[in-house]
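Every value quoted in this text rests on a predicted model; they were computed, and no experiment measured them.
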Amino acid sequence: MKIFKIFFCFLLLVEITSCKKEDALGNVDNITGLGGDLWVKGPIDRWIFDSLTVPYNTAVKYKYDQFELKLNSTLVPMKEEFVIPVLSAIKKVWIETYSAETNANFMKKYGNKFFILVGSGNYDLATGAVNLGTTSEDGTKIVMYQLNYFKTRATPGYVPSDSMVAKEVFKTIEHEFAHVLHRNVLYPFTFTQVSSSLYTSDWTNVSFAEAYAEGFVTNYAMSQADDDFAEMVSFMLTQGKTAFDAFVNGINYTGTTANGTTAVVAKQRLRLKESIIVGYFKQSWNIDFYSLQARTRNAMNALLK
């Protein structure tokens with residue numbers, strides 16, 4: 001009995017001591033992961049604050065933080081010398097083009113509010129697919145990957161073939177913002193009916209050529225209607241009207257696909273989706289989609305050609 005009392009008192013002493021240590025931790029803002037920063041804010045942070053946070057209500061985290069990412073992912077931090085060039089390019093291609101078609105407050109209200117920047121791509125080892133961007137369910141946070149390979153004409157030694165990653169980044173952010181738009185105002189139900197029988201969770205096993213022949217801009221567009229919509233918007237904006245028209249008119253195979261689709265039907269599906277999207281942007285957001293498309297492509301050309 002005495003041994004039990006002594007042991008109980010020892011546990012009580014440990015508990016009290018532990019509480020005292022916790023009380024001495026101080027302000028939680030100084031704890032890593034709970035609001036505390038490990039670096040002195042410098043030119044990059046000031047640029048972000050002046051160029052994105054103040055005018056567009058957008059915050060950016062470029063320092064590596066595993067808790068902002070999937071814990072089972074192996075990723076590489078972003079190189080700090082790329083932060084301002086990447087964000088500046090995104091601002092020109094995405095924020096400024098939408099702002100020019102709407103008003104000064106549009107992107108401040110609807111634009112993604114929190115960016116996480118990652119240097120490497122996020123690969124799914126099971127499927128082999130690479131995830132270039134993700135958003136939270138409410139669309140407020142967007143994670144951008146593969147940014148250590150982002151190059152524009154301002155990058156020393158740049159050649160046009162270096163533009164591939166930048167184009168993918170622009171397409172990814174346009175895709176994710178399209179999700180934000182349709183979560184605020186849903187696109188017409190008629191869009192879901194255009195290719196309703198062809199959506200599949202097995203899209204990673206569908207080739208681009210097969211998806212193209214069915215009237216999709218990418219195989220990822222076959223995953224569900226929401227992604228079909230976002231892929232259409234991002235593809236049309238970043239390709240430009242001339243390239244998109246050539247893309248549609250390039251469907252010229254003979255016969256039918258395994259699903260019974262002819263080249264004529266595939267073209268009709270893409271044109272119908274295009275028409276619904278153009279109408280949606282005008283009716284829901286008062287945005288001239290073709291004007292936005294031209295601005296976006298011109299901004300990309302200025303950076304990449």
Side-chain angles (χ1 to χ4, degrees), residues 44 47-48 51-52 58 60-65 68-70 73-98 111-112 114-125 127-135 141-179 204 207-208 211-212 217-221 227 230-240 243-244 247 293 295-305:
I44 295 176
W47 186 93
I48 291 171
S51 303
L52 296 173
T58 298
V60 178
K61 179 177 283 189
Y62 59 92
K63 297 285 187 179
Y64 191 80
D65 185 348
E68 295 287 359
L69 309 166
K70 290 185 177 180
S73 298
T74 301
L75 300 167
V76 174
M78 184 174 182
K79 294 179 180 179
E80 292 192 6
E81 61 265 31
F82 293 157
V83 174
I84 293 178
V86 167
L87 292 175
S88 178
I90 289 173
K91 182 171 179 281
K92 290 175 181 176
V93 171
W94 172 54
I95 295 178
E96 291 180 0
T97 54
Y98 267 97
N112 306 81
F114 187 28
F115 280 78
I116 309 295
L117 309 184
V118 182
S120 59
N122 184 16
Y123 293 88
D124 186 330
L125 298 181
T127 64
V130 58
N131 191 338
L132 299 177
T134 56
T135 57
K141 182 174 82 170
I142 179 170
V143 183
M144 298 292 296
Y145 302 96
Q146 206 165 265
L147 298 179
N148 282 348
Y149 306 97
F150 186 100
K151 295 181 180 180
T152 67
R153 291 173 60 187
T155 306
Y158 171 85
V159 293
S161 59
D162 292 333
S163 65
M164 182 178 67
V165 171
K167 289 176 180 177
E168 286 300 319
V169 168
F170 296 141
K171 182 176 179 297
T172 299
I173 199 167
E174 296 288 5
H175 174 107
E176 299 300 346
F177 188 56
H179 281 314
T204 55
S207 69
F208 168 77
Y212 181 45
V217 291
T218 64
N219 54 348
Y220 182 41
D227 285 317
E231 282 290 271
M232 279 289 298
V233 171
S234 62
F235 188 88
M236 288 192 292
L237 287 178
T238 56
Q239 288 295 314
F244 180 73
F247 177 84
Q293 185 180 44
R295 288 183 188 275
T296 302
R297 188 61 204 180
N298 288 339
M300 288 178 61
N301 287 343
L303 289 168
L304 303 178
K305 278 193 173 181

Asks: What pair of heavy atoms forms the shortest contact from Val93 to Met300, and how long is it?
Replies: CG1-CG, 3.8 Å
Asks: With sequence neighbours left out, write down each residue that passes side-chain contact (heavy atoms from CB on, under 4.5 Å) with Gln293, or none if nothing qualifies.
Replies: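 side-chain contact (heavy atoms from CB on, under 4.5 Å) list for Gln293, sorted by chain: Met236, Leu237, Lys241, Phe289, Tyr290.
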Asks: Quick check: does any side chain N or O of Asn148 sit under 3.5 Å from a backbone N or O of Pro77, one acting as donor and the other as acceptor?
Replies: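 Yes: the side chain of Asn148 pairs with the backbone of Pro77.
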Asks: Grab the two heavy atoms, one from Ile44 and one from Glu80, that are nearest each other, plus how far apart they are.
Replies: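 In this case the closest contact between Ile44 and Glu80 is CD1-O, 3.5 Å.
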Asks: Show me the donor-acceptor pairs, under 3.5 Å and distance only, between side chains in residues 150-163 and residues at least two apart or in other chains.
Replies:
unit_1 : atom_1 : unit_2 : atom_2 : d
Thr152 : OG1    : Ala154 : N      : 3.3
Arg153 : NE     : Lys305 : O      : 2.6
Arg153 : NH1    : Ala302 : O      : 3.3
Arg153 : NH1    : Lys305 : O      : 3.3
Thr155 : OG1    : Thr152 : N      : 3.1
Thr155 : OG1    : Thr152 : O      : 3.2
Tyr158 : OH     : Leu304 : O      : 2.4
Asp162 : OD2    : Val159 : N      : 3.0
Ser163 : OG     : Pro160 : O      : 2.8

Asks: Return the set of residues passing side-chain contact (heavy atoms from CB on, under 4.5 Å) with Phe114 (not counting sequence neighbours), or none when no residue passes.
Replies: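 Scan of Phe114 (side-chain contact (heavy atoms from CB on, under 4.5 Å), adjacent residues dropped) gives Ala59, Lys61, Glu68, Ile116, Lys141.
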Asks: Evaluate side-chain contact (heavy atoms from CB on, under 4.5 Å) for Phe244 paired with Met232, printing each intermediate quantity in order.
Replies: CA-CA 10 Å; Phe244 180 73; Met232 279 289 298; 4.0 Å; yes
Asks: Write down the atom of Trp47, the atom of Leu52, and the distance for their closest heavy-atom approach.
Replies: CZ3-CD1, 4.0 Å
Asks: Which heavy atom in Phe208 sits nearest to a heavy atom in Val217, and how many Å separate them?
Replies: CE1-O, 3.1 Å
Asks: Around atom CZ of Phe82, are there more than 12 heavy atoms from other residues, nucleotides or ligands closer than 6.0 Å?
Replies: yes
Asks: Are any side-chain N or O atoms of Ser51 and backbone N or O atoms of Ile48, one a donor and one an acceptor, separated by less than 3.5 Å?
Replies: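 Not confirmed, Ser51 side chain does not pair with Ile48 backbone.
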Asks: Any chance you could measure Thr218, atom OG1, to Phe235, atom CZ, to the nearest 0.5 Å?
Replies: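 It is 8.5 Å, given to the nearest 0.5 Å.
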Asks: Can you list the residues that meet the side chain to side chain donor-acceptor pair (under 3.5 Å) rule with Asn219, with sequence neighbours excluded?
Replies: none
Asks: Please name all residues satisfying side chain to side chain donor-acceptor pair (under 3.5 Å) with Asn301, sequence neighbours left out, ordered by chain then number.
Replies: Arg297
Asks: Quick one: which residue pairs count as a side-chain hydrogen bond (donor to acceptor under 3.5 Å, both in side chains) with a foot in residues 84-94, not counting sequence neighbours?
Replies: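 Of all non-adjacent pairs touching residues 84-94, those that pass side-chain hydrogen bond (donor to acceptor under 3.5 Å, both in side chains) are Lys91-Glu96.
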Asks: Angle between ring planes, Phe177 versus Tyr98, binned at 30° and 60°: parallel, tilted or perpendicular?
Replies: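 Judged by the thresholds at 30° and 60°, the geometry between Phe177 and Tyr98 is perpendicular.
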Asks: Between OG of Ser207 and OH of Tyr212, what distance do you get to the nearest 0.5 Å?
Replies: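 Between Ser207 OG and Tyr212 OH, I get 12.5 Å after rounding to 0.5 Å.
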Asks: Report the residue from Val86, Val143, Ile142 that forms a side-chain contact (heavy atoms from CB on, under 4.5 Å) with Phe115.
Replies: Ile142
